[in-house]
Colleague: 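Supplied in structure tokens, the structure appears directly below.
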Amino acid sequence: MSIIGWIVLGLLAGGIAKVLMPGRDPGGCIVTILLGVAGAFVGGWVGKTLFRVELGTFFDLRTWGLAILGALILLIGYRLIFGKPRD
């Protein structure tokens, strides 16, 4: 996939991760989008190293699953680091 494909995939994966994990995030929509793009790269790395799964094309279900998984991992980490402690 090209860089543009990864960015588009990351944008959509970040949105899906946000829907799967609702709540107020410190940073808003822009940070969520950036986490989605980075999550697509993290998901690709996780798939290759842990699951030995090669990434497919843009429309491959494995590619989408790994991108969403990576976005969720980064979103959880971001909330743990930058989230406000609950009262």
Side-chain angles (χ1 to χ4, degrees):
M1 257 191 326
S2 69
I3 282 291
I4 302 296
W6 276 108
I7 291 172
V8 171
L9 177 68
L11 293 173
L12 295 172
I16 292 170
K18 179 68 175 158
V19 168
L20 291 175
M21 209 173 131
R24 293 189 52 86
D25 289 322
C29 291
I30 301 297
V31 172
T32 303
I33 289 170
L34 293 175
L35 286 173
V37 173
F41 287 105
V42 168
W45 177 80
V46 166
K48 283 185 178 181
T49 57
L50 295 181
F51 303 125
R52 300 204 193 287
V53 174
E54 290 297 322
L55 297 178
T57 62
F58 184 80
F59 296 105
D60 190 5
L61 190 58
R62 286 180 303 192
T63 303
W64 282 91
L66 290 171
I68 294 168
L69 175 70
L72 283 171
I73 290 170
L74 289 182
L75 189 57
I76 289 169
Y78 184 75
R79 283 185 181 180
L80 289 174
I81 294 170
F82 294 108
K84 290 180 7 179
R86 297 186 184 231
D87 293 333

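The chain is numbered in sequence order, starting from 1.
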Colleague: To the nearest 0.5 Å, tell me how far M21 CE sits from I76 CD1.
Modeller: 4.5 Å
Colleague: Kindly work out whether a path of hydrophobic side-chain contacts (I/L/V/M/F/W/Y, heavy atoms less than 4.5 Å apart) joins L61 to L66.
Modeller: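 Result: no, two separate clusters.
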Colleague: Going only through I, L, V, M, F, W and Y residues with side-chain contacts under 4.5 Å, is there a path from V19 to W64?
Modeller: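 No.
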Colleague: Using the rule that Ile, Leu, Val, Met, Phe, Trp and Tyr join whenever any side-chain heavy atoms are under 4.5 Å apart, tell me whether L80 and L72 fall into a single cluster.
Modeller: yes
Colleague: Shortest non-hydrogen contact from R79 to K18?
Modeller: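 In this case the closest contact between R79 and K18 is NH2-NZ, 3.9 Å.
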Colleague: As an exercise, state the distance from OG1 of T63 to CD1 of I68, rounded to the nearest 0.5 Å.
Modeller: 11.0 Å
Colleague: Go through the structure and list residues passing side chain to side chain contact (heavy atoms under 4.5 Å, CB included) with L74, not counting sequence neighbours.
Modeller: L35, A38, V42
Colleague: Minimum heavy-atom separation for A71 and A13, please, with both atom names.
Modeller: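 Minimum heavy-atom contact is CB-O, 4.0 Å.
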Colleague: Let me confirm one number: the CG-CH2 distance from L50 to W45, rounded to the nearest 0.5 Å.
Modeller: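 So the gap between those two atoms works out to 6.0 Å.
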